[in-house]
Protein chains: 2
Amino acid sequence: MKTENKKSSVCNCLNLRRASLAITEIYDHYLAPCQLSVSQFSILKHTHAMEPVSVSELAAEIRLDRTTLVRNLKPLERQGLIHDIAPPGTRNRQLCLTAAGRERIEQANAYWELAQKRIEAQLGQEDTKTLQALLLKIEVLAP
Amino acid sequence: MKTENKKSSVCNCLNLRRASLAITEIYDHYLAPCQLSVSQFSILKHTHAMEPVSVSELAAEIRLDRTTLVRNLKPLERQGLIHDIAPPGTRNRQLCLTAAGRERIEQANAYWELAQKRIEAQLGQEDTKTLQALLLKIEVLAP
DNA sequence: ATAATAATCGTGTATATACACTAAAATAAC
DNA sequence: GTTATTTTAGTGTATATACACGATTATTAT
């Protein structure tokens, strides 16, 4: 990922994928001290905002495939950051943060803000908004 | 991936990742008749343009992690679309398309163009360019 | 020519992603 | 209350992604 002379491809998809990998790399590095990827951080944040929440609801809100989320939850449960308080024998999971999970978010938030500022400093307020609007336009296209 | 009421997150990274997943889904569906993902199509196209090419060169051009590319090449080699013509005992691989690979690109190109047009029809010429420029700005930030 | 250095490549491991499929629970119809 | 339907969840499989590490080839210095 260390090539110079970067230039756009003609492929809109490839350009977006490259930018996504790049920004993910940036956020991941900022969050590394907390041992969280940006994807994991996102799951924690959304869980925090919606708890207790089912897998399906959470997936819909994050806009991840449900089965992807099922796998992504595993490391977070293993680390004791998220747990399920649904009584056994029921189908709806009720995912909640643990105390450790809440602590971790607190720490990670500070690093996340640094990453946010880094990006916005680079793009400027105006371009950041423009980008956001364009990305949403694309997202809406997906089935 | 079928949520309505989509709205932007405050997180620039998440927004980009969502858009990337969405556009990848779109291109993948367009390319499905050719049994290629957009990622695989991209590898084929770049190989075609650079052959014979080493793994490192190719990774740098596509801007994928080299070890990621090593794995991604496997299915394409298995399908007989790409092969390595480097003499045994040497270190530099010389990746080339096979005849089947060239054929496949030809087919896939038509579908890819449909996807391109779909996106550009939705965004318009102007916004497409704007988006491209902003994405490049982000890509350049990565280490 | 040999030793030191650099470039190139692959694997182990872990997470991320999604489609096809199955299974179980919850709800609705009757 | 039982049956039918819908909702919810998980697994098998395959690709995608990248870091840490090791190994081999190529190049450079001496």
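A, B, ... follow the sequence lines: proteins, then strands. Residue 1 opens every chain.
Remark: Ala108(B) engages Leu31(B), Cys34(B), Leu36(B), Phe41(B) in a side-chain contact (heavy atoms from CB on, under 4.5 Å) (not counting sequence neighbours). In this structure Ser54(B) satisfies the side chain to side chain donor-acceptor pair (under 3.5 Å) test together with Glu57(B), sequence neighbours excluded. Applying the side chain to side chain donor-acceptor pair (under 3.5 Å) criterion to Gln116(A), with sequence neighbours excluded, gives Tyr27(A), Asn12(B). A search for side-chain contact (heavy atoms from CB on, under 4.5 Å) contacts involving Thr24(A) returns Ser20(A), Asp28(A), Val38(A), Cys13(B), Arg17(B), not counting sequence neighbours. A search for side-chain contact (heavy atoms from CB on, under 4.5 Å) contacts involving Pro33(B) returns Tyr111(B), not counting sequence neighbours. Shown here are the side-chain contact (heavy atoms from CB on, under 4.5 Å) partners of Asn72(A), two or more places apart in sequence or in another chain: Ser39(A), Ile43(A), Leu64(A), Thr68(A).
The CG atom of Asp84(A) sits 15 Å away from the P atom of dT8(D) (whole-angstrom rounding). For Asp65(A) and dT13(D), the CG to P distance is 18 Å, given to the nearest whole Å. Residue Glu25(B) contributes atom CD, which lies 16 Å from atom C1' of dA16(D) at whole-angstrom precision. As a whole-Å value, the separation of Arg17(B) CZ from dT15(C) P is 15 Å. For the pair Gln94(A) CD and dA25(C) P, the computed distance is 16 Å after rounding to whole Å. Put simply, CZ on Arg66(A) is 13 Å from C1' on dA24(C), counting in whole angstrom units. As rounded to whole Å, 13 Å separates atom P of dT8(D) from atom CG of Leu95(A). The distance between atom CG of Leu36(A) and atom C1' of dT15(C), rounded to the nearest whole Å, is 13 Å.
Residues from residues 39-55 of chain A that place a heavy atom under 4.0 Å from any atom of DNA chain C, listed by number: Ser39(A), Gln40(A). Proximity of residues 68-83 of chain B to DNA chain D (heavy atom under 4.0 angstrom from any strand atom) is restricted to Thr68(B), Arg71(B), Asn72(B), Pro75(B), Arg78(B).
Across every non-hydrogen atom of Ser9(B) and Asn15(B), the tightest pair is N-OD1, 2.8 Å. Residues Gln40(A) and Pro75(A) approach most closely at NE2-CB, 4.0 Å, considering heavy atoms.
On a pure distance criterion of 3.5 Å, a polar donor-acceptor pair joins the side chain of Thr67(A) and the base of dC19(C).
Proximity of Ile85(A) to Leu95(A): side-chain heavy atoms (C-beta onward) are nowhere separated by under 4.5 Å. Considering only heavy atoms from C-beta on, Leu135(B) comes within 4.5 Å of Leu16(B) through its side chain. The shortest side-chain heavy-atom distance between Thr128(B) and Ile119(B) does not fall under the 4.5 Å cut-off.
Thr67(A) and Asp65(A) form a side-chain donor-acceptor contact under 3.5 Å, judged by distance and modelled atom types alone.
Picking from dC19(D), dG10(C), dT17(D) the nucleotide with the shortest atom distance to the side chain of Arg93(B) gives dG10(C).
Among pairs with a residue in residues 114-132 of chain A, those fulfilling salt bridge (charged side-chain N to carboxylate O under 4.0 Å, His left out) read Asp127(A)-Lys137(B), at least two apart in sequence or across chains. Residue pairs that meet the salt bridge (charged side-chain N to carboxylate O under 4.0 Å, His left out) test with at least one member in residues 92-116 of chain B, sequence neighbours left out, are Glu51(B)-Arg102(B), Glu77(B)-Arg93(B), Asp84(B)-Arg93(B).
The terminal axes of the helix from dA1(C)-dT30(D) to dC30(C)-dG1(D), fitted over 5 pairs per end, subtend an angle of 10° to the nearest 10°.
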Report each atom pair, protein N/O against N/O of nucleotides 26-29 of chain C, whose distance is under 3.5 angstrom.
none

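At the heavy-atom level, Thr24(B) lies nowhere under 4.0 Å from the strands shown.
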